[in-house]
Amino acid sequence: MVELLAVAAITILAVISPGADFAMVTRNSLLYGRSAGLLASLGVAVGVQLHVIYTMLGVGLLIRNSPEWFDLIRMAGALYLIWVGYKTFTSRPAVDADGAAARINGFQALRTGFFTNALNPKTTLFVVSVYTQVVGPDTPLAQQIGYGLFMSVAHLAWFSLVSLFFSEAHLRERMLRRQVLLNRGIGGVLVALGLWLALSPASH
């Protein structure tokens with residue numbers, strides 16, 4: 001019971017703490033609408049599951065004990081955030097002269113959420129720490145799988161709520177009237193997060 005409560009508490013705190021995943025879901029929801037936001041949320045949840053799978057296979061121990069691997073993930077995530085941030089900062093308005101909203105396809109929306117969390121060192125640390133420091137070696141495999149599914153479902157639920165909020169019609173309409181500022185604000189936040197990751201002290 002203690003282990004279960006610990007996993008639940010750590011997961012909830014990890015989910016609601018603002019980060020790159022929050023910025024990316026907000027970006028998709030505001031610029032491209034509810035479907036894009038929800039698909040990005042699903043991508044975030046799938047990215048969490050990727051971390052769960054490799055951690056359960058033992059790769060997580062390699063990452064935890066080999067700072068070089070963690071730094072590689074950190075730099076890849078930083079470069080991805082900087083690239084997406086730059087593209088957002090310099091992008092054209094999401095609504096054209098006729099008032100028609102721009103779109104991205106479902107795969108693109110899913111991909112942004114997935115790569116944001118698959119390359120997110122915060123998620124890497126969260127999942128690896130839970131499975132190496134909280135979950136005991138005698139915990140049944142089915143229960144470990146259940147923990148991983150809970151982590152993904154919790155991310156999906158929270159970021160779906162974030163998407164529903166920021167894609168609300170009246171809010172989105174007001175925000176899109178200031179698209180240039182919106183693009184630069186979101187893009188700037190993503191670039192800043194990427195630079196922070198890139199410039200943070202190495203794990204050596």
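For reference, positions follow the sequence shown, starting with 1. All values derive from a computational prediction rather than experimental measurement.
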Undergrad: Looking at every non-hydrogen atom in both residues, tell me the closest pair between Val52 and Met151 and how far apart they are.
TA: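 Residues Val52 and Met151, closest heavy atoms: CG2-SD, 4.0 Å.
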Undergrad: Can you check whether Asn28 reaches Ile104 side chain to side chain, under 4.5 Å on heavy atoms?
TA: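 SC-SC contact between Asn28 and Ile104 confirmed.
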Undergrad: Over all heavy atoms of both residues, which pair between Asn117 and His51 is shortest? Give the atoms and the distance, please.
TA: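 Heavy-atom minimum between the residues: O-NE2, 2.7 Å.
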Undergrad: Are any side-chain N or O atoms of Ser163 and backbone N or O atoms of Phe159, one a donor and one an acceptor, separated by less than 3.5 Å?
TA: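 Side chain of Ser163 to backbone of Phe159: no pair is present.
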Undergrad: Assigning hydrophobic clusters by single linkage (Ile, Leu, Val, Met, Phe, Trp, Tyr; side-chain heavy-atom cutoff under 4.5 Å), is Tyr86 placed with Met24?
TA: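 No.
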Undergrad: Do you know the tightest heavy-atom contact between Ile82 and Val191?
TA: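 In this case the closest contact between Ile82 and Val191 is O-CG2, 3.8 Å.
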Undergrad: Tell me whether the count of non-hydrogen atoms from other residues, nucleotides or ligands lying under 6.0 Å of CZ in Phe150 goes above 12.
TA: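 Check passes, neighbour count above 12.
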Undergrad: Main chain of Gly33, side chain of Ser167: is a donor-acceptor contact present, judged purely on distance under 3.5 Å?
TA: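 It does not hold such a pair.
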Undergrad: Locate the shortest heavy-atom distance separating Ala118 from Leu50; write the atom from each residue and the value.
TA: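 Result for this residue pair: CB-CD2, 3.9 Å.
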Undergrad: I'd like to know if the side chain of Arg34 reaches the main chain of Leu164, judged simply by a donor and an acceptor atom lying under 3.5 Å from each other, with no hydrogens or angles considered.
TA: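 Indeed, once roles are kept as given, a pair shorter than 3.5 Å links the two residues.
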Undergrad: Does the side chain of Met56 reach to within under 4.5 Å of the side chain of Leu141, using non-hydrogen atoms?
TA: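 When only atoms from C-beta onward are counted, Leu141 and Met56 do touch, with a gap below 4.5 Å.
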Undergrad: Are Ile16 and Phe22 linked, directly or through intermediate hydrophobic residues, by side-chain heavy-atom contacts shorter than 4.5 Å (ILVMFWY only)?
TA: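 Yes; tracing contacts between hydrophobic side chains, which count when under 4.5 Å, links both residues.
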Undergrad: Answer yes or no: does atom OH of Tyr147 have more than 12 heavy-atom neighbours from other residues, nucleotides or ligands under 6.0 Å?
TA: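 Count over threshold, so yes.
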Undergrad: Could you state whether Leu38 and Val48 fall into the same hydrophobic cluster, counting links through intermediate Ile, Leu, Val, Met, Phe, Trp or Tyr residues with side-chain heavy atoms under 4.5 angstrom apart?
TA: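 Different clusters.
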Undergrad: Provide the closest heavy-atom pair for Val25 versus Ser41 in the form atom of the first, atom of the second, distance.
TA: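 Distance-wise, the nearest heavy atoms are CG1-OG, 3.7 Å.
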Undergrad: Name the orientation class of the two ring planes belonging to Phe126 and His155 (parallel below 30°, tilted from 30 to 60°, perpendicular beyond 60°).
TA: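 Geometry flag for His155 against Phe126: tilted rings.
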Undergrad: Does any N or O in the side chain of Gln108 come within less than 3.5 Å of the main-chain N or O of Asn105, such that one atom is a donor and the other an acceptor?
TA: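 Such a contact is found between Gln108 side chain and Asn105 backbone.
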Undergrad: Between Arg184 and Phe89 (side chain of the first, backbone of the second, donor and acceptor by atom type, cut-off under 3.5 Å), is there such a pair?
TA: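 No, the answer is negative, given that no donor and acceptor are paired below the 3.5 Å cut-off.
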Undergrad: Group every Ile, Leu, Val, Met, Phe, Trp and Tyr by side-chain heavy-atom contacts under 4.5 Å, then state whether Phe165 and Leu31 land in the same group.
TA: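 In one cluster with Phe165: Leu31, yes.
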Undergrad: Do Phe114 and Val153 belong to the same hydrophobic cluster, where Ile, Leu, Val, Met, Phe, Trp and Tyr are linked whenever their side-chain heavy atoms lie under 4.5 Å apart, directly or via other members?
TA: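 No, Phe114 does not connect to Val153 through the hydrophobic network.
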Undergrad: Side chains of Val127 and Tyr54, heavy atoms from C-beta outward: is any pair under 4.5 Å?
TA: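 A side-chain contact under 4.5 Å is absent here.
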Undergrad: For the residue pair Leu156 and Leu42, establish whether any side-chain heavy-atom pair is separated by less than 4.5 Å.
TA: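 Yes, side chains in contact.
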Undergrad: Regarding Gln144 and Thr139, do their side chains bring together a donor and an acceptor under 3.5 Å, going by distance alone?
TA: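 Gln144 vs Thr139: no donor-acceptor pair found between side chains.
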